[in-house]
K.L.:
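Once you've had a glance at the structure underneath, I'll fire off some questions.
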Number of protein chains: 2
Amino acid sequence: MTRTVGSTAADTGARLRQAALQLFARHGYAAVSMRQIAAEIGVQVGGLYNHIPDKQTLLFRLLSEHMAELLEAVEAAEIPAEPLPALEAFTRFHIRHHAARPEQVFISYMELRNLSPENFALLEAQRQDYEARLSAILERGAAAGVMQVEDARMATMAIIAMLTGVNTWFRETGRLSLGQVEEVYWGMVRRMVAA
Amino acid sequence: MTRTVGSTAADTGARLRQAALQLFARHGYAAVSMRQIAAEIGVQVGGLYNHIPDKQTLLFRLLSEHMAELLEAVEAAEIPAEPLPALEAFTRFHIRHHAARPEQVFISYMELRNLSPENFALLEAQRQDYEARLSAILERGAAAGVMQVEDARMATMAIIAMLTGVNTWFRETGRLSLGQVEEVYWGMVRRMVAA
DNA sequence: GTCTATATGATGATAGAC
DNA sequence: GTCTATCATCATATAGAC
């Protein structure tokens, strides 16, 4: 109410990112024009460049913030020390976290090609950091004799792929609640590494 | 040697599809121009339109031929009738078939957005036909008591996602042969549905 | 911070000669 | 079946007024 005239769109930067995220997820980075993004948030094209240096950087920021948020969240999830409870916590965390932000997950898989080599390398490092947490759980479980893991790297890739795959078919309006999905997937993961 | 003059590029249509496949896989459908494709096969842009009606149809044909080839191949694979041997055969077939054509698999997942609703529906039907084969195996295994499957639909999605995920990391020059990968993945799938 | 105007070049597709 | 030439449109990004 006491806003200064001209500050009605003070958070144009945030709205720009939100609009870009949704448009990129729906149509793909290369298929979305700066004009479309500008129209979506109600400004002219030229005005966008007050908030981002170029389209490429806009994409990178979306992807890298998604990865940073993922690492922060898994840290905050306080995964237990014991291998089996840790695997259960990781499984449930991954499903829940990814189901809550489908657009980010989608563009994180689809638009990696459109990053510069340097930016791609930065993101890869973050991704490997995340995957290493699961690998460590599996290795501790195998060492403790409570899990059977023939190859920790392959088991990691298999589990991540199967959990992230939930996003391709899960719909909030579907026959299953996310809780039920978590339950069944945890059962499959547990048996997959059963000692 | 006895070729008619002018027929040196008799298979321009085939080369066009091959070039488009590789360029779409590398850079994405929307990021590839008809000029790039023409340059890749050594013709002028206008000449492309003797072989395809438009860029969109070119993409659809690549995707739909990939799905037709997959269904043909799984048919030819002669999956056994017994549930457990059938699951093993399906697992190995899926990994081998997909590893042999990474570009087709890649664009089949990445470029679905760029299809018209009608073409998308056609492809979806083919995909569901393929997935239904795995679901049927799991249901027969559960009914026979040789598998534990809480939810056949979710188990199908989980297994397909984890198997197709091999394509994201497997390299022929890596530390593992495809045979070793098959072996380990079959072990994980078998335990996942262990009765 | 947003606007208008513009630079500069690429895009998919077609027409018509050979 | 391939070529050249062209249409009409769209692209990203910048300059400078307000």
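Lettering follows sequence order; numbering is per chain, from 1.
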K.L.:
The criterion is ring-ring contact (aromatic ring centres under 6.0 Å, His included); which residues satisfy it with F93(B), sequence neighbours excluded?
P.N.:
H97(B)
K.L.:
Determine whether more than 12 heavy atoms belonging to other residues, nucleotides or ligands lie under 6.0 Å from atom CD of E72(B).
P.N.:
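12 or below, so no.
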K.L.:
Between C1' on dG1(D) and CD1 on I52(B), what's the gap in Å once rounded to a whole number?
P.N.:
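The distance from CD1 of I52(B) to C1' of dG1(D) comes to 14 Å, rounded to the nearest Å.
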K.L.:
Does anything in residues 19-31 of chain A reach DNA chain D, meaning a heavy atom under 4.0 Å, and if so which residues?
P.N.:
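Contacts with DNA chain D under 4.0 Å: none.
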K.L.:
Would H94(A) and Y185(A) count as having a side-chain donor-acceptor pair, cut-off 3.5 Å?
P.N.:
no
K.L.:
Would you mind writing out the side-chain donor-acceptor pairs for residues 34-47 of chain A within the sub-3.5 Å range, not counting sequence neighbours?
P.N.:
from: Q36(A); atom 1: OE1; to: S33(A); atom 2: N; distance (Å): 3.0

K.L.:
Does OP1 or OP2 of dC10(D) have a side-chain N or O of S33(A) closer than 4.0 Å?
P.N.:
no
K.L.:
To the nearest Å, how far apart are Q44(B) CD and dG12(C) C1'?
P.N.:
15 Å
K.L.:
What nitrogen or oxygen pairs link the protein and nucleotides 13-17 of chain C at under 3.5 Å?
P.N.:
from: dA13(C); atom 1: OP2; to: Y49(B); atom 2: OH; distance (Å): 3.0
from: dA13(C); atom 1: OP2; to: K55(B); atom 2: N; distance (Å): 3.1

K.L.:
Provide, to the nearest angstrom, the distance between the CD1 atom belonging to I37(A) and the P atom belonging to dC10(D).
P.N.:
17 Å
K.L.:
Centre of Y49(A)'s six-membered ring, under 6.0 Å away, within 45 degrees of the axis: is that where NZ or CZ of K55(A) sits?
P.N.:
no
K.L.:
What is the distance, rounded to the nearest whole Å, between atom CG of L16(A) and atom C1' of dG1(C)?
P.N.:
13 Å
K.L.:
Scan side-chain atoms only and decide if T12(A) and H51(A) contain a donor-acceptor pair under the 3.5 Å cut-off.
P.N.:
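No, H51(A) and T12(A) have no side-chain donor paired with an acceptor closer than 3.5 Å.
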K.L.:
Return the value, rounded to whole Å, for the distance between atom CZ of R15(A) and atom P of dG1(C).
P.N.:
14 Å
K.L.:
Rounded to whole angstroms, how far apart are CG on L48(A) and P on dT14(D)?
P.N.:
13 Å
K.L.:
Counting only pairs under 3.5 Å, give me each side-chain donor-acceptor contact of residues 131-145 of chain B, with atom names and distances, residues two or more places apart or in other chains.
P.N.:
from: E131(B); atom 1: OE1; to: R127(B); atom 2: NH1; distance (Å): 3.3
from: E131(B); atom 1: OE2; to: R127(B); atom 2: NH1; distance (Å): 2.3
from: R133(B); atom 1: NH1; to: E75(B); atom 2: OE1; distance (Å): 3.1
from: R133(B); atom 1: NH2; to: E75(B); atom 2: OE1; distance (Å): 3.0
from: S135(B); atom 1: OG; to: E131(B); atom 2: O; distance (Å): 3.4
from: S135(B); atom 1: OG; to: T156(B); atom 2: OG1; distance (Å): 2.7
from: R140(B); atom 1: NH2; to: A81(B); atom 2: O; distance (Å): 2.8

K.L.:
Mind checking what makes salt bridge (Lys or Arg N to Asp or Glu O under 4.0 Å) contact with E182(A), not counting sequence neighbours?
P.N.:
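For E182(A), the residues satisfying salt bridge (Lys or Arg N to Asp or Glu O under 4.0 Å) (neighbours in sequence not counted) are R92(A), R96(A).
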